[in-house]
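These figures come from a predicted structure and were not determined experimentally. Note: hydrogens, waters and symmetry copies are ignored here, and every other heavy atom, side chains too, is used. Numbering of residues begins at 1 and proceeds along the displayed sequence.
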Amino acid sequence: MELDVAGRKVRLSHPDKTYYPERGFTKMDVAQYYLAVADGVLRGLRDRPTTMQRFPDGIEGEFFYQKRAPKGMPDWLPTARIAFPSGRFADEMCPTEPAAVLWAANLGCLTFHPWPVRRGDTEHPDELRIDLDPQPGTDFADAVKVAFDLRELLAEHGLRGWPKTSGGRGVHVYVPIRPRWTFTEVRRAAITLARALERRTPDLVTSAWWKEERGEKVFVDYNQMARDRTIASAYSLRARPRATVSTPLRWDELSDAAPEDFDLRTVPPRFAELGDVHADMADHAFGLESVLELADRQAVDEGLGDLPYPPDHPKMPGEPSRVQPSRARKR
């Protein structure tokens with residue numbers, strides 16, 4: 001069948017295919033969801049190189065991440081060339097209109113993973129994304145506590161964050177920034193904030209990369225700001241039985257929120273009533289000077305340098321050993 005999406009025709013094949021068996025949601029339900037929140041999801045994707053997380057047979061089937069723009073992509077959907085840590089390149093789609101979201105949904109894309117850059121400058125992030133990831137023994141409520149501590153910390157450095165659910169147990173906080181710092185510098189800012197949070201609440205927060213060192217704490221995943229690392233976009237569906245959504249929230253909503261309250265059925269009426277509660281992010285662009293000054297002080301006063309990169313990254317200058325601590329002790 002064909003859908004009219006803001007004046008553009010988009011083909012939807014097999015609309016009755018079941019994507020979420022537990023609740024009986026179909027491919028058509030997914031398409032209608034993205035139509036209902038099109039302005040919100042596009043705000044998070046516009047002009048950003050975007051990886052598609054595709055589930056052609058629904059969430060119980062095989063899935064894969066499609067980074068390179070697929071063959072047959074419509075000529076009205078632009079791309080941007082991005083560089084991977086390996087030095088290789090790829091052209092990724094960059095949505096600029098709602099039809100792009102529905103076109104991707106027809107391919108089985110449930111979750112969109114945009115880079116924190118725009119296609120006009122793919123080397124300088126314009127978002128600092130802070131991922132608060134509860135480890136076993138902690139939960140969403142713990143991530144919320146850390147998010148409010150983070151809010152205070154950001155304010156001390158002249159920054160403002162916008163929170164959203166991850167669609168799972170975590171919280172994401174976005175800070176719009178001026179695109180003048182490199183991936184390495186923005187990642188360093190994320191590490192600095194993680195350490196500052198850890199110092200404030202050492203019993204609840206960890207910046208430890210190795211899982212064996214984290215304990216029952218909330219991990220501030222600083223490596224989400226490494227090149228080629230992305231997180232689910234605002235309003236993206238997640239591959240969970242309830243069809244939960246990574247949902248933007250206001251700060252005054254966060255304390256009472258529960259991730260399972262925001263799903264394919266409940267988010268569209270919320271969006272119709274409130275609109276995109278993160279729409280004003282586009283009106284702001286902050287600087288990282290104060291946070292990077294703190295990074296310099298941490299280095300001089302405490303000898304704190306870099307932390308390990310993800311395993312798929314080449315070894316970086318000044319990076320500590322990537323050997324798991326327990327293995328290093330055995331050696």
Using a strict 4.0 Å threshold on nitrogen-to-oxygen distance, state whether [X] and [Y] make a salt bridge.
X	Y	answer
Arg23	Asp29	no
Asp142	Lys217	no
Glu2	Arg8	no
Arg151	Glu156	no
Asp4	Lys9	yes
Asp306	Arg188	no
Glu22	Arg242	no
Glu123	Arg227	yes
Glu62	Arg54	no
Arg240	Asp263	no
Asp126	Arg48	yes

Ring-face cation contact, Tyr222 with Arg229, 6.0 Å cut, 45° max: no
Looking at [X] and [Y], would you say the former's side chain and the latter's main chain have a donor-acceptor pair under 3.5 Å?
X	Y	answer
Ser233	Gly44	no
Thr266	Asp261	yes
Thr18	Thr26	no
Thr51	Tyr65	no

Ring geometry between Trp115 and Phe84 (parallel below 30°, tilted from 30 to 60°, perpendicular above 60°):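 The arrangement is tilted - the two ring planes meet at 30° to 60°.
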Aromatic ring pairing Phe286/Trp162, orientation class (parallel under 30°, perpendicular over 60°, tilted between):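 The arrangement is tilted - the two ring planes meet at 30° to 60°.
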side-chain contact (heavy atoms from CB on, under 4.5 Å) assessment of Val37 paired with Asp39: CA-CA 6 Å; Val37 301; Asp39 290 343; over 6 Å; no
Considering all heavy atoms, the nearest Pro70-Leu107 contact: CG-CD1, 4.2 Å
Test log, rule ring-ring contact (aromatic ring centres under 6.0 Å, His included), inputs Tyr33 and Phe25: CA-CA 10 Å; Tyr33 165 78; Phe25 294 152; 9.7 Å; no
Residue pair Arg119, Asp47: steps toward the salt bridge (charged side-chain N to carboxylate O under 4.0 Å, His left out) verdict: CA-CA 6 Å; Arg119 61 185 172 126; Asp47 287 322; 2.7 Å; yes
